[in-house]
Amino acid sequence: MKYTQTSSNAPNGLRGLLLFVLASAFWGCGSPSGKPGAGGIAISFDDHFIKEWYQLRPLFQKYNAKATFFITCPDSLNTEEVAMLKQLEKEGHEIGFHGTVHAKSTELMAAGGPKGYIEAELEPGLRHMNAAGFKPTSYAHPGGNHNDLVDSVLLAKGFTILRDVAISRRKYKGFQLYTWPPRWMNAIYYAFDGEQKVAALMIDYDEVTEEEIVEAIQEAKENGTALMVFGHEPLYNEPENGKYGFNVSFLAAVLREADKQHLKFYTMSELPKVK
């Protein structure tokens with residue numbers, strides 16, 4: 001996950017904590033250079049909000065947009081949800097994988113090694129997805145939790161791109177520690193260099209402003225890169241009762257600006273294929 005876990009034991013109190021977090025957040029200043037004319041955006045969604053995502057089809061169709069849907073707990077897919085996912089796939093969207101039980105991969109790996117990790121988090125869910133007619137080649141790390149060993153296992157299992165989580169804001173005990181402009185976060189821009197380990201900017205409620213996302217989209221346009229963003233549940237009001245997700249009006253603003261800038265919409269698995 002592309003942000004730093006904070007600690008009350010950071011050196012020199014709050015000042016040290018702030019410097020530590022900011023230094024860790026600064027993994028890039030300005031987006032990288034990509035391919036001239038290839039500027040685009042790759043939008044993805046995580047978890048199991050299939051009916052809610054399906055209701056966004058008119059919005060996607062309005063802007064001729066496509067996205068990647070990372071499915072977790074596929075053992076609970078019912079007939080209606082499978083039909084919805086197949087229709088989304090038919091319309092050019094991608095169906096990716098987000099784990100069988102949405103567990104912390106590093107803990108599963110530490111407990112059972114590669115074999116235990118595969119048996120608990122990968123193979124059961126993939127069997128259900130394959131039985132439903134889906135052959136996912138992209139993977140989103142549950143909670144952004146992973147390490148090099150986890151990545152190596154996933155790549156060996158045939159996934160062609162692994163998506164991590166990036167955030168531009170960090171809070172500590174209710175206080176805003178930093179706000180990092182997305183246009184400076186080079187990890188969220190795909191440079192069409194064949195990279196298989198990537199990160200996407202979370203756009204859930206109150207994470208990014210419309211002004212910031214417009215700037216990020218323009219950055220992708222200017223540098224020939226693909227901006228990668230993701231969210232969870234589509235929401236039409238402020239989240240309540242522990243819900244987390246993105247405001248649909250915000251997604252509409254993202255699609256509208258991407259269309260205005262004539263950006264190409266990429267699925268996640270398409271990114272490493274662009275030469």
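Side-chain atoms of Gln196 do not come within 3.5 Å of backbone N or O of Pro272 as any donor-acceptor pair. One N or O on the side chain of Lys86 and one on the backbone of Ala132 form a donor-acceptor pair closer than 3.5 Å. Of the possible donor and acceptor atoms, none in the side chain of His102 sits under 3.5 Å from a partner among the backbone N and O of Pro142. Side-chain atoms of Asp46 never come within 3.5 Å of backbone atoms of Phe230 as a donor-acceptor pair (strictly under, hydrogens ignored). The closest donor-acceptor contact from the side chain of Tyr190 to the backbone of Glu195 lies under 3.5 Å. Judged purely by atom type and a 3.5 angstrom limit, His141 has no side-chain atom pairing as donor or acceptor with the backbone of Asp164. Glu121 places a side-chain N or O within 3.5 Å of a backbone atom of Val101 that can act as its donor or acceptor partner. In terms of modelled atom types and a separation under 3.5 Å, the side chain of Ser138 and the main chain of Ser269 share no donor-acceptor contact. A donor-acceptor pair under 3.5 Å is absent between the side-chain atoms of Glu89 and the main chain of Ile95, judged by distance alone. Between the side chain of Trp53 and the main chain of Glu233, no donor-acceptor pair closer than 3.5 Å is present.
Using a 4.0 Å cut-off between a side-chain N of Lys or Arg and a carboxylate O of Asp or Glu, Lys66 and Glu270 qualify as a salt bridge.
In this structure the side chain of Tyr236 never reaches within 4.5 angstrom of the side chain of Asn247, judged on heavy atoms. Within the 4.5 Å cutoff, the side chain of Thr100 has no heavy atoms near those of the Glu123 side chain. Contact annotation: the side chain of Leu85 approaches that of Phe134 to within less than 4.5 Å [non-hydrogen atoms, C-beta and beyond]. For the pair Thr137 and Ile161, the minimum side-chain heavy-atom distance is 4.5 Å or more. Counting only heavy atoms from C-beta outward, the side chains of Pro182 and Ile188 approach each other to under 4.5 Å. Looking at Leu108 and Val150, their side chains never come closer than 4.5 Å, going by heavy atoms from C-beta outward. Side-chain contact check for Tyr54 versus Leu88: some heavy-atom pair is nearer than 4.5 Å. Inter-residue side-chain proximity for Ile213 and Glu257 is flagged as unmet; no heavy-atom pair is nearer than 4.5 Å.
Looking at every heavy atom in both residues, Tyr117 comes nearest to Leu154 through OH-CD2, 3.6 Å. The shortest heavy-atom contact between Tyr189 and Ala220 is CE2-N, 3.9 Å. In terms of heavy atoms, Arg163 sits closest to Ala200 at CD-CB, 3.6 Å. Nearest approach of Ala226 to Leu271, heavy atoms of both residues: CB-CD2, 3.8 Å. The two residues Asn186 and Pro32 make their nearest non-hydrogen contact at CB-CD, 3.5 Å. The two residues Ala216 and Leu227 make their nearest non-hydrogen contact at CB-CD2, 3.9 Å.
Using modelled atom types, one finds a donor on one side chain and an acceptor on the other under 3.5 Å when comparing Thr106 with Asn145.
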### Message
Under the criterion side chain to side chain contact (heavy atoms under 4.5 Å, CB included), I'd like the reasoning laid out for Met202 against His232: C-alpha separation, chi angles, the key distance, then a yes or no.
### Response
CA-CA 9 Å; Met202 186 160 66; His232 293 89; 4.0 Å; yes
#### Entry: Test side chain to side chain contact (heavy atoms under 4.5 Å, CB included) applied to Ile50 and Glu80, step by step
CA-CA 10 Å; Ile50 297 167; Glu80 181 183 16; over 6 Å; no
#### Entry: Test log, rule side chain to side chain contact (heavy atoms under 4.5 Å, CB included), inputs Met228 and Met268
CA-CA 9 Å; Met228 296 173 286; Met268 293 304 297; 4.0 Å; yes
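Distance check: His128 NE2 to Leu77 CG gives 9.0 Å after rounding to the nearest 0.5 Å. Taken from CG in Leu235 to CD in Glu240, the straight-line distance is 9.5 Å, to the nearest 0.5 Å. A distance of 14.0 Å separates CH2 in Trp180 from CG in Leu201, rounded to the nearest 0.5 Å. We find the CG-NE2 distance between Leu162 and His146 to be 8.0 Å, quoted to the nearest 0.5 Å. The line from CG of Leu255 to CD1 of Ile217 is 8.5 Å long, rounded to the nearest 0.5 Å. Residue Lys135 holds its NZ atom at 10.5 Å from CE of Met129, rounded to the nearest 0.5 Å.
Taking the six-membered ring wherever Trp is involved, the centroid distance between the rings of Tyr266 and Phe192 falls below 6.0 Å. The distance between the ring centers of Phe246 and Phe45 falls below 6.0 angstrom.
Environment of NZ in Lys104: sparse, with no more than 12 heavy atoms of neighbouring residues, nucleotides or ligands closer than 6.0 Å. Counting heavy atoms of neighbouring residues, nucleotides and ligands inside a 6.0 Å radius, atom CG of Asn237 does not exceed 12 of them.
The side chain to side chain contact (heavy atoms under 4.5 Å, CB included) test with Pro136 is passed by exactly one of Ile71, Asn130, Thr68: Asn130. When each of Glu212, Glu222, Glu215 is tested with Arg183 by the rule salt bridge (Lys or Arg N to Asp or Glu O under 4.0 Å), just one qualifies, namely Glu215.
By the rule that hydrophobic residues join a cluster once side-chain heavy atoms approach within less than 4.5 Å of another member, Tyr205 and Val254 end up as members of separate clusters.
Ring-plane geometry between Tyr244 and Phe49 is classed as perpendicular, the angle between the planes exceeding 60 degrees on a 0 to 90 degree scale with a lower cut at 30.
A search for side chain to side chain donor-acceptor pair (under 3.5 Å) contacts involving Gln87 returns Glu91, not counting sequence neighbours.
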